Peer 1: 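Next up is a structure, given as structure tokens.
From a predicted model like this one, the values you see are computed outputs, not experimental measurements. So you know, we letter chains A, B, ... as the sequences are listed, proteins then strands, and number each from 1.
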Amino acid sequence: MGTNADVAATLREIGDLLDLNGERFKPDAYRRASRSIETLTEDVRKVAGRGELESIPGVGAAIGEKIREFLRDGHIAYLEKLRQQFPPGIVELMRLPGIGPKTARRFLVELQVEGPAELAAAIDAGRLKGLAGFGDRKIALFRQAVEARGPVGRRQSLRAAWSIATSLVERLRAEAPVERVEVAGSLRRRRESVGDLDILVTSNVPERVFEVFSALPMVREVKLRGPTKETVVLSDDLQVDLRVVEPAAFGAAWQYFTGSKDHNVRLRSLARDMGLRLNEYGVTREETRVAGASEEDVYRSLGLPWFPPEIRENQGEFEAAARDLPPLLEESHLRGDLHVHLPEGSSRDGIDRLRSYATQRGWEYVGVVVSDRPDAKELLDQLRAGQRPGTMTPWLLAAWEDPLGSDRLPPAGCDYRIHSAVGPDPPDPLPTHGPLLLTHLPLPEAGAEASAERVARWVEYARRAGAGLEVTPDGPQDGLDSSGVRRAIEARVPVSVRGAGPVVPDPLTLAVGLARRGWATAPAILNARAMAELTGVGRGPGPRTTPPRSSVRRTGPPRTGGSPR
DNA sequence: GCCGTTTTCGGCCCGACTGTTTTCAGTCG
């Protein structure tokens, strides 16, 4: 576990315990600080080292001091004291769906129930019957919550969530009486992992929409349904909230349900300061709605620019907006992809498909990996045949990919080299032959988001090797996560944004989204450069096994303006 | 406990849904 995650979990536990104690505002303060640390793009120890903990949103003198204590001693006396007041299982109980601090406390005080197992036993023994506020229905829900313990609440990878959401949205558009269907929530923000899906529709017959939606084959159960909102659980445990709003409020609702929570809290307090009120129905002054149909209107009415969803985290976007938001990378900035594997089948067909795919995207070049093809030699010849710069678009480059540490030399005619990582950490010697890219970084730890320290080591290694790093639709499962992108850019290590090539649907948008979450602008992105600026790769015939390392560095990205912290 | 281009004190987002309630408390996002 990374230190940031440890600190975040510790602060959250303090918040939960304070909640049980009946504290009014402290629990939220600790949880806010916890979320802030969790989404921090930098190692919290580094921030502490600079004495800047209090610059983190939600961290003040008291919490800052507790974080320092945790980093120094590995524990916090205040937390130890809190823990002594409650049995250890009680926090676990409180995290079950439908059980909050009030209910958990009642279990403890009125039934001496100290954890999930004891709760199950108490229910079985009929000890909850007759207690005020606990009817049969509620007791059944408690039982369900205890029994469902485990996979519920598991976060999905961005790519898995995207693919599920895409099919749900398609079905709704095709089969339900809706005008507009959009995804909101953390998926729209392109978070590396997604806990649930938020889908927003406009329709004048919500109940019909809910009927269609609940009948979809992937829906396992309907958790709740009201006039404007339905919550379902899919067969793979993912929860989906579907909301119906009127068109005049669509922008406000989309903004509201996209979040993040901390971005929204900041926004609403800004609105309040201006004598306005912001909720999911719009921005109102007294009883008059002044904005709501579009997100742009909502932000404009608060004197703010529209924020790209990927940076709505209250991690510096408001401060940056006071100057100028940096122009984040767009899919249209990309001029190619430097790491594409041909699909199964003949190379000739593969090249044809790739060419038309790249043409569709308007790309100048595509780097084709030849090293894993049985017919590598012929493929190389095909790639070389008839290509002259400027005569054919897109230009196809030949890439040679092998494991980091391999001393096998690529055959003549290859344009550049890609090294795939072979372990969780960079090996000792620097790669020779100047690879252009390092790929397949195994950054996640048991599905967790990549640890900040490990990312830092890879970024430093890439910098010394003069190589670029990849961000892919699989996020930290296969390359940089968004904080890694941010780090790489700060270290002037070029970042390559990689899609999936000619597969349908290509989740390239996710790789771009992760780069945007890392505040990437086009100049920092290797494959947003024109081919002529690509380290001299592929200009004319001849072997190019070793792109000059110096040129990679020379064309390194300028520092982006508006660095959030 | 945090925070402030109204504030260093006095606020703290706010609405939907459910269950068990004749008017609301708890939970959730």
Peer 1: Quick one: is the NZ or CZ of R12(A) closer than 6.0 Å to the six-membered ring centre of Y30(A), and within 45° of its axis?
Peer 2: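 Relative to the ring axis of Y30(A), which defines the angle, R12(A) lies outside at least one limit.
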Peer 1: Classify the nucleic acid contact of E280(A) as base, sugar-phosphate or nothing, counting any heavy atom under 4.0 Å across all strands shown.
Peer 2: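 Touches sugar-phosphate only.
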Peer 1: Measuring from atom CG of N4(A) to atom OG1 of T39(A), what distance do you get when rounded to the nearest 0.5 angstrom?
Peer 2: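 Interatomic distance, N4(A) CG to T39(A) OG1, rounded to 0.5 Å: 9.5 Å.
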Peer 1: Nearest whole Å is fine: how far is dC28(B) P from R95(A) CZ?
Peer 2: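 It works out to 12 Å between those atoms.
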Peer 1: If you look at every strand shown and take non-hydrogen atoms under 4.0 Å, does L267(A) touch a base, only sugar-phosphate, or nothing?
Peer 2: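 Nothing: the residue L267(A), judged by heavy atoms under 4.0 Å, touches no strand.
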Peer 1: Could you check whether R137(A) gets within reach of a base, just the sugar-phosphate, or nothing at all, counting any heavy atom under 4.0 Å?
Peer 2: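 The residue R137(A) makes sugar-phosphate contact but no base contact.
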Peer 1: Is any side-chain N or O of R31(A) closer than 4.0 Å to OP1 or OP2 of dG29(B)?
Peer 2: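 Result: no.
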Peer 1: Does dG29(B) have OP1 or OP2 sitting under 4.0 Å from an N or O in the side chain of Q239(A)?
Peer 2: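 Yes, within the criterion.
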Peer 1: Going by an N to O cut-off under 4.0 Å, is there a salt bridge joining E118(A) and R127(A)?
Peer 2: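 So E118(A) does not pair with R127(A) through a salt bridge.
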Peer 1: More 5' along DNA chain B: E230(A) or I139(A), using each one's nearest nucleotide?
Peer 2: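 The 5'-side residue here is E230(A).
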Peer 1: So what does P27(A) touch, heavy atoms closer than 4.0 Å: a base, only the sugar-phosphate, or nothing?
Peer 2: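 If one applies the 4.0 Å heavy-atom cut-off, P27(A) turns out to touch nothing in the nucleic acid.
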Peer 1: What is the distance from CG of D16(A) to P of dC28(B), rounded to the nearest Å?
Peer 2: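 So the two atoms are 11 Å apart, to the nearest Å.
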Peer 1: Between dG1(B) and dT8(B), how far apart are the two C1' atoms, rounded to whole Å?
Peer 2: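 That atom pair is separated by 14 Å.
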Peer 1: In whole angstroms, how far is the C1' atom of dT27(B) from the CG atom of L96(A)?
Peer 2: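 My rounded result for the distance is 13 Å.
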Peer 1: From the options D506(A), D478(A), D474(A), select the one residue that forms a salt bridge (charged side-chain N to carboxylate O under 4.0 Å, His left out) with R159(A).
Peer 2: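 Looking at D506(A), D478(A), D474(A), the match for R159(A) under the salt bridge (charged side-chain N to carboxylate O under 4.0 Å, His left out) is D474(A).
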Peer 1: Examine the base of dG29(B) for any acceptor or donor lying under 3.5 Å from a partner atom in the side chain of Y256(A), and report the outcome as yes or no.
Peer 2: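 By the distance-only test, yes, there is a pair.
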Peer 1: Considering Watson-Crick and G-U wobble pairs with both distances under 3.5 Å, what does dT8(B) pair with?
Peer 2: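 Paired with no nucleotide.
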Peer 1: How many angstroms lie between OG in S157(A) and CD in E192(A), if you round to the nearest 0.5 Å?
Peer 2: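 Reported value, rounded in 0.5 Å steps: 11.0 Å.
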Peer 1: Could R243(A) and W254(A) be counted as a cation-pi pair, given that NZ or CZ must be under 6.0 Å from the ring centre and within 45° of the axis?
Peer 2: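 Verdict for W254(A): no cation-pi partner in R243(A).
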Peer 1: Quick one: label F257(A) by what it contacts on the DNA or RNA (base, sugar-phosphate, nothing), any heavy atom closer than 4.0 Å.
Peer 2: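 If one applies the 4.0 Å heavy-atom cut-off, F257(A) turns out to touch nothing in the nucleic acid.
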Peer 1: Return the CG to CH2 distance between L325(A) and W519(A), rounded to the nearest 0.5 Å.
Peer 2: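 The CH2 atom of W519(A) is 6.5 Å from CG of L325(A), to the nearest 0.5 Å.
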Peer 1: Please work out if A132(A) contacts a base, only the sugar-phosphate, or nothing of the nucleic acid, heavy-atom cut-off 4.0 Å.
Peer 2: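 No contact.
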Peer 1: Test the R106(A)-F134(A) pair against the cation-pi criterion, namely NZ or CZ under 6.0 angstrom from the six-membered ring centroid and within 45° of the ring axis.
Peer 2: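 Relative to the ring axis of F134(A), which defines the angle, R106(A) lies inside both limits.
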Peer 1: For F25(A) and dC12(B), are the ring centres under 5.5 Å apart with planes inclined under 30°?
Peer 2: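 Here the ring of F25(A) and the base of dC12(B) are stacked, with centres under 5.5 Å and planes under 30°.
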Peer 1: Could you state the CD1-P distance from I63(A) to dC3(B), rounded to the nearest angstrom?
Peer 2: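 Answer to the nearest Å: 8 Å.
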Peer 1: Any idea which of dA16(B), dG26(B), dC13(B) is nearest the R268(A) side chain?
Peer 2: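 My answer, after comparing the listed nucleotides, is dC13(B).
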Peer 1: Using a 4.0 Å heavy-atom cut-off across all strands, classify T231(A) as base, sugar-phosphate, or nothing.
Peer 2: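 The answer is nothing, as T231(A) stays clear of every strand by at least 4.0 Å.
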Peer 1: Using whole Å, what does the distance between atom C1' of nucleotide dA16(B) and atom OH of Y281(A) come to?
Peer 2: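 So the two atoms are 7 Å apart, to the nearest Å.
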Peer 1: Can you tell me if N279(A) touches the phosphate of dG15(B), counting only side-chain N or O atoms and a distance under 4.0 Å to OP1 or OP2?
Peer 2: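 Yes, within the criterion.
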Peer 1: Using a heavy-atom cut-off of 4.0 Å across all strands, would you classify R225(A) as base, sugar-phosphate, or nothing?
Peer 2: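 Sugar-phosphate contact only - R225(A) comes under 4.0 Å of backbone atoms but never of a base.
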Peer 1: Would you measure the distance from the P atom in dC17(B) across to the matching atom in dG11(B) and give it in whole Å?
Peer 2: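 One P to the other, the span is 31 Å.
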Peer 1: How many whole angstroms separate atom CG of L224(A) from atom P of dA16(B)?
Peer 2: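 Nearest whole value for this atom pair: 13 Å.
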Peer 1: How is D136(A) classified with respect to the nucleic acid when contacts are heavy atoms under 4.0 Å: base, sugar-phosphate, or nothing?
Peer 2: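 Touches sugar-phosphate only.
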Peer 1: Of all the nucleotides listed (dT27(B), dC2(B), dC17(B)), which has the minimum atom distance to the side chain of P101(A)?
Peer 2: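 Selected nucleotide (nearest to the side chain): dT27(B).
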Peer 1: Report the residue (V59(A) or M94(A)) whose heavy-atom-nearest nucleotide on DNA chain B is the more 5′ of the two.
Peer 2: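 In this pair, the answer is V59(A).
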Peer 1: Could you tell me how far dA16(B) sits from dC2(B) if I compare only their P atoms? Round to whole Å.
Peer 2: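 32 Å, rounded to whole Å.
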Peer 1: In this structure, how many angstroms lie between the P atom of dG26(B) and the CZ atom of R105(A), rounded?
Peer 2: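 Computing the R105(A):CZ to dG26(B):P distance gives 12 Å.
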Peer 1: Determine the interatomic distance between C1' on dT20(B) and the same-named atom on dG10(B); round to the nearest Å.
Peer 2: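 Result for the C1' pair: 35 Å, nearest Å.
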Peer 1: With a 4.0 Å cut-off on heavy atoms, is R243(A) in touch with a base, just the backbone sugar-phosphate, or nothing at all?
Peer 2: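 Answer is nothing: R243(A) stays at 4.0 Å or more from every strand.
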Peer 1: Would you classify N264(A) as touching base, sugar-phosphate or nothing, given that sugar-phosphate means primed atoms plus P, OP1 and OP2, and contacts are heavy atoms under 4.0 Å?
Peer 2: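 If one applies the 4.0 Å heavy-atom cut-off, N264(A) turns out to touch nothing in the nucleic acid.
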Peer 1: Is the phosphate of dC17(B), meaning OP1 or OP2, less than 4.0 Å from a side-chain N or O of T228(A)?
Peer 2: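 Answer is yes, contact under 4.0 Å.
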Peer 1: Would you classify T103(A) as touching base, sugar-phosphate or nothing, given that sugar-phosphate means primed atoms plus P, OP1 and OP2, and contacts are heavy atoms under 4.0 Å?
Peer 2: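 Result for T103(A) = sugar-phosphate.
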Peer 1: Can you measure L131(A) atom CG to dA25(B) atom P for me and round it to whole angstrom units?
Peer 2: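 Whole-Å distance recorded here is 18 Å.
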Peer 1: Given dC17(B), dG15(B), dC13(B), which nucleotide is nearest the side-chain atoms of R272(A)?
Peer 2: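 Of the candidates, dC13(B) comes closest.
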Peer 1: Check whether any side-chain N or O of K66(A) sits under 4.0 Å from OP1 or OP2 of dG1(B), and answer yes or no.
Peer 2: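 The answer is yes; a side-chain N or O of K66(A) sits under 4.0 Å from OP1 or OP2.
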Peer 1: Using atom P in both nucleotides, what's the gap between dT18(B) and dC13(B) to the nearest angstrom?
Peer 2: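 Rounded to whole Å, the distance is 25 Å.
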